[in-house]
Chemist: 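Sharing a structure with you now.
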Amino acid sequence: MKVSPSLLAADFADLKTAVARIATADMLHLDVMDGIFVPNISFGAGIIKALRPHTDLFFDVHLMIERPERYLEDFKRAGADGISIHYESTESPAAVLKTIREMGISPAITISPDTPAEVVFPLLPLVDMVLIMTVYPGFGGQKLIPACLQKARAIKDEILRQNLPVLVQADGGVGPANIAEVAAAGVDVAVAGSAVFGAADPAAVIAAMKATRK
Ligand code: DX5
Ligand code: ZN
């Protein structure tokens with residue numbers, strides 16, 4: 001299992017230390033919220049840019065914003081390595097994913113809990129990762145919705161059927177307590193906010209999650 005800790009659960013007054021605490025992770029998950037697509041505001045490209053010199057981790061930027069196509073250049077300049085856009089946030093997800101690829105950034109498509117798995121099937125050739133929300137987006141610290149893991153399984157099966165090198169990521173309510181179930185659903189990358197940053201020893205939590213096999 002790969003692990004992408006979500007900075008949303010870190011101490012925003014000490015982000016440099018937060019990034020240092022999760023140096024053994026595979027990616028750093030950066031939740032950008034605009035208060036419109038989701039009912040909460042987090043941080044934007046400025047914070048991501050400020051963190052860029054402090055870590056070599058892959059910046060996994062999850063855009064929970066309306067019409068993300070307006071801000072792709074900003075996130076590229078900030079140092080994003082991967083950008084996930086929500087299927088529900090734009091009129092033409094395919095066009096936005098193609099633009100992200102052309103910019104030299106790794107594209108990912110995200111679906112919220114009420115969006116069916118099948119909508120991403122035709123988009124699989126355009127992405128490196130599918131992000132399945134396992135909670136309603138907007139807030140950290142929620143409980144994983146088990147039905148969302150069935151969608152992960154369906155998407156993983158379709159990826160295997162199309163024989164594509166696409167990863168499946170689960171985001172929301174994931175931690176050591178349920179990582180085995182998450183892995184069994186075909187998930188390759190676990191996002192974990194509160195489970196990692198809320199722990200006394202984040203490195204130990206990361207190691208335990210990484211050691212989970214399918
Ligand atoms: C929710 C965010 C998640 C969230 C995960 O909208 O996309 O990345 O921070 O936090 P936990 O792991 O606490 O559920
Ligand atoms: Zn996220």
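Numbering starts at 1 and runs along the sequence shown. In what follows, every heavy atom counts, from backbone to side chain, and hydrogens, waters and symmetry copies are set aside. Ligands are counted one by one from 1 in listed order, and the atoms in each one are counted from 1 as well.
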Chemist: With rounding to the nearest 0.5 angstrom, report the CD1 to OG distance, Ile100 to Ser84.
Modeler: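 That separation rounds to 8.0 Å.
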Chemist: By number and element, which atoms of ligand 1 are closer than 4.0 Å to a non-hydrogen atom of Gly172?
Modeler: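 Those atoms are 14 (O).
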Chemist: Relative to the heavy atoms of His62, which atoms of ligand 1 are at a distance of less than 4.0 Å?
Modeler: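 Once the distances to His62 are compared, the set is 7 (O).
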Chemist: Does atom CZ of Phe121 have more than 12 heavy-atom neighbours, drawn from other residues, nucleotides or ligands, at distances under 6.0 Å?
Modeler: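 Buried by this count: over 12 neighbours within 6.0 Å.
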Chemist: How is the hydrophobic cluster of Met129 composed, in terms of its other members, when Ile, Leu, Val, Met, Phe, Trp and Tyr link through side-chain heavy atoms under 4.5 Å apart, directly or indirectly?
Modeler: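 Its cluster mates, by chain and number, are Met27, Phe58, Leu167, Val189.
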Chemist: List-wise, which protein N, O or S atoms are found short of 2.8 Å from the Zn ion (ligand 2)?
Modeler: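 N, O, S partners closer than 2.8 Å: His29 NE2, Asp31 OD1, His62 ND1, Asp171 OD2.
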Chemist: Are there over 12 heavy-atom neighbours, none belonging to Lys49, within less than 6.0 Å of that residue's NZ?
Modeler: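 Counting other residues, nucleotides and ligands, NZ of Lys49 stays at 12 neighbours or fewer.
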Chemist: Which heavy atom in Ile109 sits nearest to a heavy atom in Pro93, and how many Å separate them?
Modeler: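 Smallest interatomic distance, heavy atoms only, reads CD1-CB, 4.0 Å.
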Chemist: Atom 1 (C) of ligand 1: which protein heavy atom is closest, and how many Å away?
Modeler: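 Here the closest protein heavy atom is Phe139 O, 3.6 Å.
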Chemist: Among all protein heavy atoms, pick the one closest to atom 10 (O) of ligand 1 and tell me residue, atom and distance.
Modeler: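 Of every protein heavy atom, Gly140 CA, 3.6 Å lies nearest to atom 10 (O) of ligand 1.
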Chemist: Does Met133, backbone or side chain, put an N or O under 3.5 Å from an N or O of ligand 1?
Modeler: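 Not met; the criterion fails.
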Chemist: Do the ring planes of Phe43 and Phe12 sit parallel (below 30°), tilted (30 to 60°) or perpendicular (above 60°)?
Modeler: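 Ring orientation of Phe43 relative to Phe12: perpendicular.
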Chemist: Please give me the minimum heavy-atom distance between Arg21 and Ala200, naming the atom from each residue.
Modeler: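 That would be NH2-O, 3.8 Å.
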Chemist: Salt bridge check: are Asp81 and Arg52 linked by an N-O gap of less than 4.0 Å?
Modeler: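 Yes, charged N to carboxylate O under 4.0 Å.
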Chemist: Which of the numbered atoms in ligand 1 are under 4.0 angstrom from any heavy atom belonging to His29?
Modeler: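 Counting atoms of ligand 1 from 1, those under 4.0 Å from His29 are 8 (O).
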Chemist: Might you point out which heavy atoms bring Met1 and Ala190 nearest each other, and give the distance in Å?
Modeler: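 Shortest heavy-atom contact: SD-N, 3.7 Å.
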Chemist: Could an N or O of ligand 1 be found under 3.5 Å from any N or O of Pro137, whether backbone or side chain?
Modeler: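 It does not: no N or O of Pro137 is found under 3.5 Å from an N or O of ligand 1.
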Chemist: Are Lys76 and Glu73 within salt-bridge range, i.e. N to O under 4.0 Å?
Modeler: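 Salt bridge flag = no for Glu73 with Lys76.
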Chemist: Ignoring angles and geometry beyond distance, decide whether Val174 reaches within less than 3.5 Å of ligand 1 through its nitrogen or oxygen atoms.
Modeler: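 N/O-N/O distance under 3.5 Å: no.
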Chemist: Does Gly173 reach ligand 1 with a nitrogen or oxygen that is under 3.5 Å from one of the ligand's nitrogen or oxygen atoms?
Modeler: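 In this structure, Gly173 places an N or O atom under 3.5 Å from an N or O of ligand 1.
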Chemist: Has Gly138 got any heavy atom lying under 4.0 angstrom from an atom of ligand 1?
Modeler: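 Yes, that is the case, since the closest heavy atom of the residue is under 4.0 Å from the ligand.
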Chemist: Could you find the nearest protein heavy atom to atom 12 (O) of ligand 1 and give me its residue, atom name and distance?
Modeler: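 Checked against all protein heavy atoms, atom 12 (O) of ligand 1 sits closest to Gly193 N, 2.7 Å.
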Chemist: Quick one: closest heavy-atom pair of Ser89 and His86, and the distance?
Modeler: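 Shortest heavy-atom contact: OG-O, 2.7 Å.
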Chemist: Under 4.0 Å from any heavy atom of Ala192, which atoms of ligand 1 are there?
Modeler: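 Once the distances to Ala192 are compared, the set is 12 (O).
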Chemist: With atom 5 (C) of ligand 1 as the reference point, say which of Val191, Thr110, Asp171, Val196 has the nearest heavy atom.
Modeler: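 Shortest heavy-atom distance from atom 5 (C) of ligand 1: Asp171.
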Chemist: Looking only at distances, can you tell me whether any N or O atom of Tyr136, backbone or side chain, sits closer than 3.5 Å to an N or O atom of ligand 1?
Modeler: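 N/O-N/O distance below 3.5 Å does not exist for this pair.
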Chemist: If hydrogens are left out, which of Ala190, Ser6, Ser194 has an atom nearest to atom 9 (O) of ligand 1, that is, the closest non-hydrogen atom?
Modeler: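 Comparing heavy atoms across Ala190, Ser6, Ser194, the nearest one to atom 9 (O) of ligand 1 lies in Ser6.
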Chemist: Show the nearest heavy-atom pair for residues Val182 and Ala170, with the distance to one decimal.
Modeler: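 In terms of heavy atoms, the two residues are closest at CG1-CB, 4.1 Å.
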Chemist: Could you list which atoms of ligand 1 come closer than 4.0 Å to a heavy atom of Met33?
Modeler: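 So the atoms of ligand 1 that pass are 6 (O).
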Chemist: Looking at CG of Leu144 and CG of Leu149, how far apart are the two atoms once the value is rounded to the nearest 0.5 Å?
Modeler: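 With rounding to 0.5 Å, CG (Leu144) is 5.0 Å from CG (Leu149).
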Chemist: List ligand 1 atoms under 4.0 Å from Gly141, heavy atoms only on the residue side.
Modeler: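 Near Gly141, meaning under 4.0 Å from one of its heavy atoms, ligand 1 has 11 (P), 13 (O), 14 (O).
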Chemist: Can you tell me if Thr55 uses its side chain to pair, donor with acceptor, with the backbone of Val19 under 3.5 Å?
Modeler: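 No; judged by distance alone, with no hydrogens or angles, the pair does not exist.
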